[in-house]
Amino acid sequence: MRLSRYFLPVLRDTPKEAEIVSHQLMLRSGMVKQSAAGIYSWLPLGLRVLTKIAEIVRQEQNRAGAIEILMPTMQSADLWRESGRYEAYGKEMLRIVDRQERDLLFGPTAEEVVTAIFRDSVRSYRDLPKNLYNIQWKFRDEIRPRFGVMRGREFLMKDAYSFDLTADGARKAYQRMFVAYLRTFARMGLKSIPMKADTGPIGGDLSHEFIILAETGESQVFCHKDLIEGAIPAADTDFDGDLSPIIEAWTSKYAATEDMHDAATFEANVPADSRVSARGIEVGHIFYFGTKYSEPMGARVQGPDGQMITVQMGSYGVGVSRLAGAIIEASHDAGGIIWPVPVAPFEVGLINLKAGDADTDRAATDLYVKLQAAGIDVLYDDTDERAGGKFATMDLIGLPYQLIVGPKGVKSGEAEVKARRTGARASMPMDAALAHVIDSVVSQRVLV
RNA sequence: CGGAGCGUAGCGCAGCCUGGUAGCGCACCAGUCUGGGGGACUGGGGGUCGCAGGUUCAAAUCCUGUCGCUCCGACCA
């Protein structure tokens, strides 16, 4: 993409309503624009990030055996009356009345919808297990939206729902999502830590929040330091096999958010020099809830002995739009955002330092064409802005690599490569610079 | 919902107390000079001062109401 033809409304000053760094940088880099409290438009740069995050989530859900569907944003109140949640949910649920005076709502979650889909379509235990997920906009009328997209009212969420015949089957479904989440967040360059979460009325140990550490995190978290560098399951993990060893490795060491924290247990089980107390951001939440919805909504299948069996369910959320902010919280510096390659809106920023100069234009255009031909997402700054402004903008929007072409370099046949994360710059022959950038990007794209 | 603030150009702000032609920086447009980390000069364009009432000869400024937004708290992916 040529910057001269793109829509990238960057701001030099920080809008005063933005309090935390991810919100400030998302506004400054022209990723999002607030439309109302907690409601945002996603501008081109932000949309590219959102799309890349969603695609990683999708790939890992599919790998773990979940099947994508798409459920509506508008839901019927009658479904929620079946589960008893229409009255129970409270003011967080946005209720709407249509022209026929029917009660609707903008879905804050989709247990009822998916349970209805399942019960109307599945009759036999032979059809289990199943895990259906969708990536869809949700709305929760938060009392106080804040922190930009980290705590918006409208947000993009991946929510998966598992259906099993037995509690043991549900545990296996839970484990598949657990492993999928470890991979999902790692692929975005995040170190996530599964932490014990409140299981509500069901009890047991099947609820975890996936937390990433960031100074501006919303809650205090406590864990064993080994978990920060925990091993990520490989791409060829057998999701049909026994995942217990992986789960065991991640859950045997202490990790809890402040509401689940027990200082005595923490100090008894974790050596003093391994205790981590930090701020965390919740980016995923998985839990098993048994028959909470299947029972009142009549989601049953016929078992091998002819008896009707109420299915065991679990649900698994990932805050997709929240992740855009969370990644920035975890990866930025004074100059702006530092995108990990897999979620970067563009992988390379090509800077023409003297647009309009025939030789420089020719060299930059040549690199632009070759980068595109190599399948690299490249943003080519072909504007006639001054060098300083171009560098500042490129640092702000955080593309992982900058390829800098100026008249001096062109004379000697050289271009400069800058790695955004380290700030390291190196001048090298055009072809070498091109190869270096391509190799760097390709090697960081996918976690194997 | 309780507490505290803020609404003046795209962004950041001054002006309001003490009523009298709506300003500054950045951004934007034209031109000249510049040209490797947000350059300089000259000349421009852009505003129902959130909205509605009221007081007044006169309201961004005073009064009343209302809407929006932000921060702290309870709530949450």
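Heavy atoms of A/Lys158 sit nowhere under 4.0 angstrom from any nucleic acid atom. Here A/Thr14 lies in heavy-atom contact (under 4.0 Å) with sugar-phosphate atoms only. When heavy atoms are screened at a 4.0 angstrom cut-off, A/Gly406 is found touching base atoms of the nucleic acid.
With B/rA27, B/rC69, B/rG37 as the candidates, the nucleotide lying closest to the side chain of A/Glu17 is B/rC69. The nucleotide whose nearest atom lies closest to any side-chain atom of A/Arg140 is, among B/rU70, B/rC76, B/rG38, B/rC76. For A/Arg151, the side-chain atoms get nearest to B/rC76 when compared with the rest of B/rC76, B/rG38, B/rC11. Across B/rC72, B/rA77, B/rG12, the shortest atom-to-atom separation from the side chain of A/Asp13 is found for B/rG12.
Among residues at least two apart or in separate chains, there is no side chain to side chain donor-acceptor pair (under 3.5 Å) pair with a member in residues 7-20 of chain A.
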Identify the pairs formed between an N or O of the protein and an N or O of nucleotides 5-8 of chain B at a distance under 3.5 Å, and give each distance.
residue : atom : partner : partner atom : Å
B/rC6   : O2'  : A/Lys16 : NZ           : 2.8

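Residue A/Arg12 places at least one side-chain N or O closer than 4.0 Å to OP1 or OP2 of B/rA27. A close approach under 4.0 Å does occur between a side-chain nitrogen or oxygen of A/Arg144 and OP1 or OP2 of B/rC72. Note on A/Gln34: every side-chain N or O is 4.0 Å or more away from OP1 and OP2 of B/rG68. For B/rC76, the OP1/OP2 oxygens have no side-chain nitrogen or oxygen of A/Arg146 closer than 4.0 Å.
A/Arg48 CZ: more than 12 foreign heavy atoms inside a 6.0 Å radius. Heavy atoms from other residues, nucleotides or ligands lying under 6.0 Å from CD of A/Glu87 number more than 12.
Ring planes of A/His261 and A/Phe222: parallel class, angle under 30° (limits at 30 and 60°).
Taken residue by residue, residues 377-392 of chain A places heavy atoms nearer than 4.0 Å to RNA chain B at A/Asp384, A/Glu385, A/Arg386, A/Ala387, A/Gly388, A/Gly389, A/Phe391, A/Ala392.
Using a 4.0 Å cut-off between charged nitrogen and carboxylate oxygen, A/Asp395 and A/Lys418 count as a salt-bridge pair. Ion pairing between A/Asp262 and A/Lys196 fails under the 4.0 Å rule for side-chain N and carboxylate O.
With ring centers used as reference points, A/Tyr174 lies 6.0 Å or more from A/Phe287.
Remark: of the listed residues A/Val113, A/Leu105, A/Thr115, A/Val113 is the sole one forming a side chain to side chain contact (heavy atoms under 4.5 Å, CB included) with A/Leu79.
Look at the C1' atom in both B/rC72 and B/rG44: the space between them is 45 Å, to the nearest Å.
If you check B/rG38 for Watson-Crick or wobble pairing at under 3.5 angstrom, you find it has no partner at all. Nucleotide B/rA77 forms no Watson-Crick or G-U wobble pair with any nucleotide shown, as no partner meets the under 3.5 Å limit on both distances.
Annotation: cation-pi pair A/Arg95/A/Tyr86 present, NZ/CZ under 6.0 Å from the ring centroid and within 45° of its normal.
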